[in-house]
A.B. asks: 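To start, I am sharing the structure in question, which I have written as structure tokens.
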Amino acid sequence: MPEPSSHDSRGAVAGTGMGGTMDLAAGEAATLERVPGGPAGGGPESRPRSLWSDAWRDLRRNPVFLLSALVILFLVFISVWPSAITSGNPLDCDLAKAQDGSSPGHPFGFDGQGCDVYTRTVYGARTSVTVGVCATLGVALLGSVLGGLAGFFGGAWDAVLSRITDVFFAIPVVLGGLVLLSVVTSNTVWPVIGFMVLLGWPQISRIARGSVITARQNDYVQAARALGASPARLLLRHIAPNAVAPVIVVATIALGTYISLEATLSYLGVGLKPPSVSWGIDISAASPYIRNAPHALLWPSGALAITVLAFIMLGDAVRDALDPKLR
């Protein structure tokens, strides 16, 4: 009697490993014949992706992120090399040209002191980016450390830090700036950055505390503790990488807020002061001449609005990418 065919157009026969055979559908037979490491095996396509790789994949496909990132990269570029797009000096002023409109070589016109608005707008980006980035880094670092330790150890440390946080939350930011910065005589950005860090860390601290409390209850942390991991290893190796995402989101959104806060304080006369170049200073100086020279107010105000909007859009895109509930 002829032996049965090993396979036909509808299926295949495979050995059971115990001397017998079993019928397989064509799709199942093809699956068994695939080489391990292919698309259905252990190759790169089938490797589990982390939260960060998934977030980066989503960000690359998000037009809001791409647009805001391009604007921010341009701002960083002109902050580092303002001479790349302007050859003027922001402190060179000619009163004979005060409040004049645009002219060849001066597309934004002149302000009330005869200074080139275009040059001052370009150089003002350096102040805003420096204040925003440094204040955000300081707030994120201080708030994350204090909040993370409070959430990890709990007890008296957590109670004391929570009460201190409540005290700082009760201080109005603008009023605190008027009081604290009015006695500062330095004309650099560092007093303004220090003030923002001093009053900005409580928000990040509470976010970090909540994230650490949530992360330390996970099974992998309990398993690491049962295996004898030290508190430092638990916090740095297992908890911090899984609790930092909310801090990054809040800090990214807050960066735009710090830029607008610096402009507000400079407008009120307690932030940066002349001869420093700042969009807040230029907006304050141009306000009395809004009827005669609206261009002197329009351009620095527009640059400030675009910058703050770009950082807020970036923060929103990062939040959408890092929050699994929004997928």
Side-chain angles (χ1 to χ4, degrees), residues 68 70-135 174 177 181 184-193 195-196 255-312:
S68 59
L70 288 176
V71 173
I72 292 171
L73 288 176
F74 175 73
L75 290 170
V76 172
F77 173 76
I78 65 175
S79 299
V80 179
W81 296 288
S83 58
I85 62 173
T86 179
S87 58
N89 187 334
L91 301 181
D92 285 345
C93 304
D94 185 359
L95 286 175
K97 300 179 180 180
Q99 302 183 22
D100 285 355
S102 61
S103 60
H106 307 280
F108 292 177
F110 298 87
D111 61 11
Q113 299 296 321
C115 304
D116 184 17
V117 176
Y118 172 74
T119 302
R120 291 188 63 85
T121 301
V122 171
Y123 276 85
R126 173 181 293 178
T127 300
S128 295
V129 172
T130 301
V131 170
V133 171
C134 293
V174 176
L181 295 177
V184 176
T185 57
S186 176
N187 199 35
T188 64
V189 299
W190 300 112
V192 179
I193 294 174
F195 162 74
M196 293 180 181
L255 200 155
T257 304
Y258 296 139
I259 292 177
S260 62
L261 178 59
E262 178 274 324
T264 301
L265 295 174
S266 298
Y267 178 87
L268 296 175
V270 296
L272 296 177
K273 305 174 182 62
S276 297
V277 181
S278 168
W279 289 334
I281 294 176
D282 291 348
I283 293 172
S284 177
S287 296
Y289 311 107
I290 188 172
R291 288 180 175 271
N292 299 328
H295 59 273
L297 178 65
L298 173 64
W299 294 110
S301 300
L304 175 63
I306 292 174
T307 302
V308 174
L309 179 61
F311 280 106
I312 291 177

A.B. asks: Rounded to the nearest 0.5 Å, what separates atom NZ in K97 from atom CZ in F110?
C.D. replies: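 So the NZ of K97 and the CZ of F110 are separated by 4.5 Å.
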A.B. asks: Rounded at 0.5 Å granularity, tell me how far CD1 in I78 sits from CD1 in I85.
C.D. replies: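 With rounding to 0.5 Å, CD1 (I78) is 4.5 Å from CD1 (I85).
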A.B. asks: Where do A310 and S68 come nearest, in terms of heavy atoms and distance?
C.D. replies: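 Taking every non-hydrogen atom into account, O-CB, 3.3 Å.
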A.B. asks: Looking at every heavy atom in both L304 and A263, which two are closest together, and how far apart are they?
C.D. replies: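 Distance-wise, the nearest heavy atoms are CD2-CB, 3.6 Å.
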A.B. asks: How close do S128 and W279 get, counting heavy atoms only, and between which atoms?
C.D. replies: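 So the minimum-distance heavy-atom pair works out to OG-CE3, 3.2 Å.
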A.B. asks: Do P294 and L298 have side chains that approach each other closer than 4.5 Å (heavy atoms only, starting at C-beta)?
C.D. replies: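 A side-chain contact is absent here, since even the closest heavy-atom pair is not under 4.5 Å.
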A.B. asks: What is the minimum heavy-atom distance between A303 and T121, and which atoms define it?
C.D. replies: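 It is CB-CG2, 3.8 Å.
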A.B. asks: Kindly compute the distance separating CG (D111) from CG (D282), expressed to the nearest 0.5 Å.
C.D. replies: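 So the CG of D111 and the CG of D282 are separated by 6.5 Å.
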A.B. asks: Could you check H106 against D100 for side-chain contact (heavy atoms from CB on, under 4.5 Å), going step by step and ending with a plain yes or no?
C.D. replies: CA-CA 10 Å; H106 307 280; D100 285 355; over 6 Å; no
A.B. asks: By the side chain to side chain donor-acceptor pair (under 3.5 Å) test, which pairs, at least two apart or in different chains, include something from residues 79-94?
C.D. replies: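 Found T86-T119.
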A.B. asks: Should the pair W299 and F108 be assigned to parallel (<30°), tilted (30 to 60°) or perpendicular (>60°) ring geometry?
C.D. replies: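 Because their plane-to-plane angle is under 30°, the rings of W299 and F108 count as parallel.
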A.B. asks: With rounding to the nearest 0.5 angstrom, report the CG to CD1 distance, L309 to I259.
C.D. replies: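 Rounded to the nearest 0.5 Å, the CG-CD1 separation comes out at 11.5 Å.
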A.B. asks: Looking at side-chain heavy atoms only, is the closest gap between R126 and P82 below 4.5 Å?
C.D. replies: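 Yes. Closest side-chain heavy atoms under 4.5 Å.
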A.B. asks: Cut-off 3.5 Å, no hydrogens considered: what does the side-chain donor-acceptor table look like for residues 268-278, sequence neighbours left out?
C.D. replies:
from, atom 1, to, atom 2, distance (Å)
K273, NZ, G271, O, 3.2
S276, OG, N187, O, 3.2
S276, OG, N187, ND2, 3.2
S276, OG, K273, O, 3.2
S278, OG, E262, OE2, 2.8
S278, OG, G280, N, 3.2

A.B. asks: If we check side chain to side chain contact (heavy atoms under 4.5 Å, CB included) with V133, which of these qualifies: T130, V129, V131?
C.D. replies: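 Single pass found, and it is V129.
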A.B. asks: How long is the gap from CD1 on I306 to CD1 on I72, to the nearest 0.5 Å?
C.D. replies: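 Separation between the atoms: 12.5 Å.
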A.B. asks: Identify the two heavy atoms, one from P191 and one from L181, that lie closest to each other, and give their separation to 0.1 Å.
C.D. replies: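 Minimum heavy-atom contact is O-CD2, 3.7 Å.
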A.B. asks: Any side-chain heavy-atom pair from S287 and I290 closer than 4.5 angstrom?
C.D. replies: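 Not in contact.
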A.B. asks: To the nearest 0.5 angstrom, please state how far the CG atom of L265 sits from the CD1 atom of I281.
C.D. replies: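 Output value for this atom pair is 11.5 Å.
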A.B. asks: Between Q113 and L95, does a side-chain contact (heavy atoms from CB on, under 4.5 Å) hold up when you go through it step by step?
C.D. replies: CA-CA 6 Å; Q113 299 296 321; L95 286 175; 3.9 Å; yes
A.B. asks: For the residue pair I193 and C134, what are the closest heavy atoms and their distance?
C.D. replies: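 Nearest pair, atom of I193 first, then C134: CD1-CB, 3.6 Å.
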A.B. asks: Taking side chain as C-beta onward, heavy atoms only, is R120 less than 4.5 Å from L91?
C.D. replies: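 Yes, side chains in contact.
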